[in-house]
Amino acid sequence: MGNKISVGLLGFGVVGSGVMQIIENNQAELIHQLGTEVHVKSILVRNPAKSRNVDLDRTRITTDPEIILNDPEIDVIIEVMGGIDEAREHILKAFSAKKHVVTANKDLVALHGPELQEAANQNKCDFFYEASVAGGIPILRGITGGLSADRIQQVMGIVNGTTNYILTKMANEGMPYEDALQEAQELGFAEADPTSDVEGLDAARKMAILGRLAFSTDIELEEVEVSGIKNLALEDLQYGDQLGYTMKLIGFAKCHDKEVEVSVEPTLLSKEHPLADVKNEYNAVYVYGEAVGETMFYGPGAGSLPTATAVMSDVVEVIRNVRLGVNGNIVTEPRFKKELKTPDHRFGQYYLRLHVKDEAGVFSTISSLFHELDISFKRILQNPIKKHEVAEIVLVTHQTSLGNFNKALNQLESLHDVLDVKSYYKVEGDVEHVAGTTETL
Ligand code: NDP
Ligand code: HSE
């Protein structure tokens with residue numbers, strides 16, 4: 001390694017230009033850490049004529065990836081162009097050419113991470129992707145470094161800024177969903193096609209990556225159960241609020257006795273839970289380790305400079321490894337062969353909103369149905385809205401298996417007195433007694 005490390009940037013958009021800014025503005029810090037200068041030699045873009053918000057010597061820009069991938073002077077490739085197929089191809093070529101790769105591309109890592117890691121190891125190259133989960137929060141290194149000696153049992157995260165922004169605006173300002181989404185798009189948090197944000201897929205990709213690293217086992221993207229926030233009703237946020245909960249899109253990854261579950265779902269979170277105060281576009285990841293107990297990592301989950309900071313932390317790691325001659329040493333063997341938890345092994349509390357006939361005896365029928373399935377109620381809302389002989393009932397269950405809760409839902413739908421199962425959500429965390437609700441034991 002000489003007195004200069006040359007990197008090639010694939011992409012010069014929001015994240016790529018942030019990377020350039022950090023390299024240019026923080027060169028003294030990098031030299032202090034690494035004893036060498038970091039220099040961006042070439043940059044791949046789609047449209048070389050586009051105006052850029054960073055001053056740039058245009059001779060470094062190219063539209064030909066081969067110029068970068070075949071340049072023997074370039075040691076590190078930073079992939080911040082996004083997309084899947086082309087990015088994967090470029091990264092595989094980079095490894096064949098013995099170049100280390102850093103990426104922010106969660107879509108790619110969630111789908112092809114294990115394959116790319118294997119290719120990196122075979123070529124004795126590093127492959128790092130800190131920026132792919134929760135932008136500027138150093139959560140992957142927190143898990144694989146800081147907590148590496150612990151047995152992590154649970155990871156819960158607010159890992160999508162767009163949905164957290166929408167839910168915060170809906171809950172705090174009563175802003176309609178569409179308006180809040182539009183604001184998130186204007187502020188630049190949302191993906192080009194925000195469907196993957198609001199339908200939970202972006203969070204699912206991040207949770208697949210987190211789950212793999214937290215439990216050191218293989219988790220495929222299609223094993224993550226996903227539901228998004230698109231069809232949330234304002235009433236459920238309001239009832240949740242009345243009951244002591246706040247609605248958040250939460251990614252869960254849990255591991256117990258080699259049984260794993262990973263999901264992303266709108267969840268009514270106790271206002272006392274550490275994640276409940278995470279507002280607007282901010283992200284946070286709560287990690288429970290057997291030895292360490294509760295930890296929480298909080299910060300900006302997106303944006304040019306925060307994400308670029310995470311990218312550059314990977315570049316620094318690569319260069320340190322080059323100095324030590326230890327690149328391409330990530331363990332790829334899963335620690336154990338996992339099983340996915342069946343619904344009977346998945347436990348939680350649930351919120352349920354029903355429309356029922358406004359007649360005597362209806363609640364007792366519903367209670368018996370739940371009782372037979374061994375599900376008890378923790379809270380019942382006492383002030384249902386009544387109109388046209390329809391009553392609205394809101395219930396929160398005690399802990400039950402998902403299997404039994406699903407059976408209850410099926411049976412409720414066939415009850416003559418139940419007109420509509422309006423909504424149901426997972427509930428997480430305890431709340432103190434709330435005025436206006438009935439608490440049951
Ligand atoms: P942008 O759309 O802002 O930038 C993409 C860049 O890549 C552009 O410079 C574009 O060129 C170039 N590019 C895209 N496709 C090609 C291609 N086929 N050939 C050549 N150049 C191409 O994306 P972001 O910077 O926002 O995101 C980059 C990556 O980082 C994505 O994987 C994203 O998921 C991830 N990420 C982004 C975060 C964020 O806050 N934005 C946060 C965390 C991760 P041109 O400029 O000419 O159009
Ligand atoms: N669209 C993503 C979000 C960007 O809203 O969190 C960061 O991955």
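What you are looking at is a predicted structure, and each value in this text was computed from that prediction instead of being measured. Counting starts at 1 for both ligands and their atoms, following the listed order.
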Near D197 (heavy-atom distance under 4.0 Å), the atoms of ligand 2 are 1 (N), 2 (C), 3 (C), 5 (O)

So NE2 of H39 and CG of L30: to nearest 0.5 Å the spacing works out to 14.0 Å

Contact region, T307 to ligand 1, non-hydrogen atoms below 4.0 Å, reads side chain

Between the CG atom in D236 and the CG atom in L268, the distance rounded to the nearest 0.5 Å is 7.5 Å

Atom 45 (P) of ligand 1 has as its nearest protein heavy atom K50 NZ, 3.4 Å

The atoms of ligand 1 lying under 4.0 Å from a heavy atom of G11, numbered in the order shown, are 6 (C), 7 (O), 9 (O), 12 (C)

Under 30°, 30 to 60°, or over 60°: which ring-plane class applies to F127 and F95, parallel, tilted or perpendicular? perpendicular

Here the gap from L237 atom CG to K248 atom NZ, rounded to the nearest 0.5 Å, amounts to 9.5 Å

Taking only non-hydrogen atoms of T162 and a 4.0 Å limit, the atoms of ligand 2 in range are 1 (N), 3 (C), 5 (O)

Of all protein heavy atoms, the one nearest atom 2 (C) of ligand 2 is E191 OE2, 3.2 Å

- request: Using distance alone, determine whether V15 and ligand 1 share an N or O pair under 3.5 Å.
  value: yes

**Prompt:** If you measure from the Lys or Arg side-chain nitrogens to the Asp or Glu carboxylate oxygens, is any gap between E339 and K258 under 4.0 Å?
**Reply:** no

Notebook entry, point to check: Short N/O distance, under 3.5 Å, between D107 and ligand 1?
Noted result: no

Quick note on ligand 2: atoms under 4.0 Å from a heavy atom of N160 include exactly 2 (C), 3 (C), 5 (O), 6 (O)

Hey, what's the ring geometry for Y298 with Y282, parallel, tilted or perpendicular (30° and 60° as the breaks)? parallel

Report yes or no: does a heavy atom of G135 sit under 4.0 Å from some atom of ligand 2? no

When rounded to the nearest 0.5 Å, the distance separating CG of L354 from NZ of K422 is 10.5 Å

* Would you say A131 contacts ligand 1, with heavy atoms under 4.0 Å as the rule? -> yes

Quiz item: Going by heavy atoms, is G303 under 4.0 Å from ligand 1?
Solution: yes

In ligand 1, the atoms that come under 4.0 Å of a heavy atom of A302 are 40 (O)

re atom 6 (O) of ligand 2, the protein heavy-atom contact at minimum distance is G161 N, 2.7 Å

Next item on the list: Answer yes or no for R52: is there a heavy-atom contact with ligand 1 below 4.0 Å?
Entry: yes

Nearest non-hydrogen protein atom to atom 17 (C) of ligand 1, with distance, is M81 CE, 3.7 Å

query: Closer than 4.0 angstrom: is that true for some heavy atom of E281 and an atom of ligand 2?
result: no

### Query
With a 4.5 Å heavy-atom cut-off, do D126 and E317 have their side chains touching?
no

Nearest non-hydrogen protein atom to atom 8 (O) of ligand 2, with distance, is K106 NZ, 2.5 Å

- For ligand 1, find out whether one of its N or O atoms is nearer than 3.5 Å to an N or O atom of G135. no

Check: For ligand 1, is there an N or O atom under 3.5 Å from any N or O atom of G13?
Finding: yes

Residue, atom and distance of the protein heavy atom nearest atom 36 (N) of ligand 1 read A104 O, 3.8 Å

| query | Do other residues, nucleotides or ligands put more than 12 heavy atoms under 6.0 Å from the CD atom of E186? | reply | yes

Logged contact type for R205 with ligand 1, heavy-atom cut-off 4.0 Å, is neither

request  = Carefully, step by step, assess E392 and R353 under the rule salt bridge (charged side-chain N to carboxylate O under 4.0 Å, His left out).
outcome  = CA-CA 7 Å; E392 188 159 60; R353 179 159 63 94; 2.7 Å; yes

Heavy-atom distance under 4.5 Å between the side chains of L213 and Y129, does that happen here? yes

One finds that the ligand 1 atoms under 4.0 Å from a non-hydrogen atom of G82 are 31 (C), 32 (O)

Practice problem: Please indicate whether any nitrogen or oxygen in S304 is less than 3.5 Å from any nitrogen or oxygen in ligand 1. | Solution: no

Exercise for review: Test D430 against K378 for salt bridge (charged side-chain N to carboxylate O under 4.0 Å, His left out), laying out the working first.
Suggested key: CA-CA 10 Å; D430 290 323; K378 188 181 173 103; 3.2 Å; yes

* Asked: Would atom 2 (O) of ligand 1 count as contacted, meaning some protein heavy atom under 4.0 Å?
  -> no

Ion pair present between E86 and R46, side-chain N to carboxylate O less than 4.0 angstrom?
-> no

Check your understanding: Does a side chain donor of either T59 or D57 reach within less than 3.5 Å of an acceptor in the other side chain?
Key -> yes

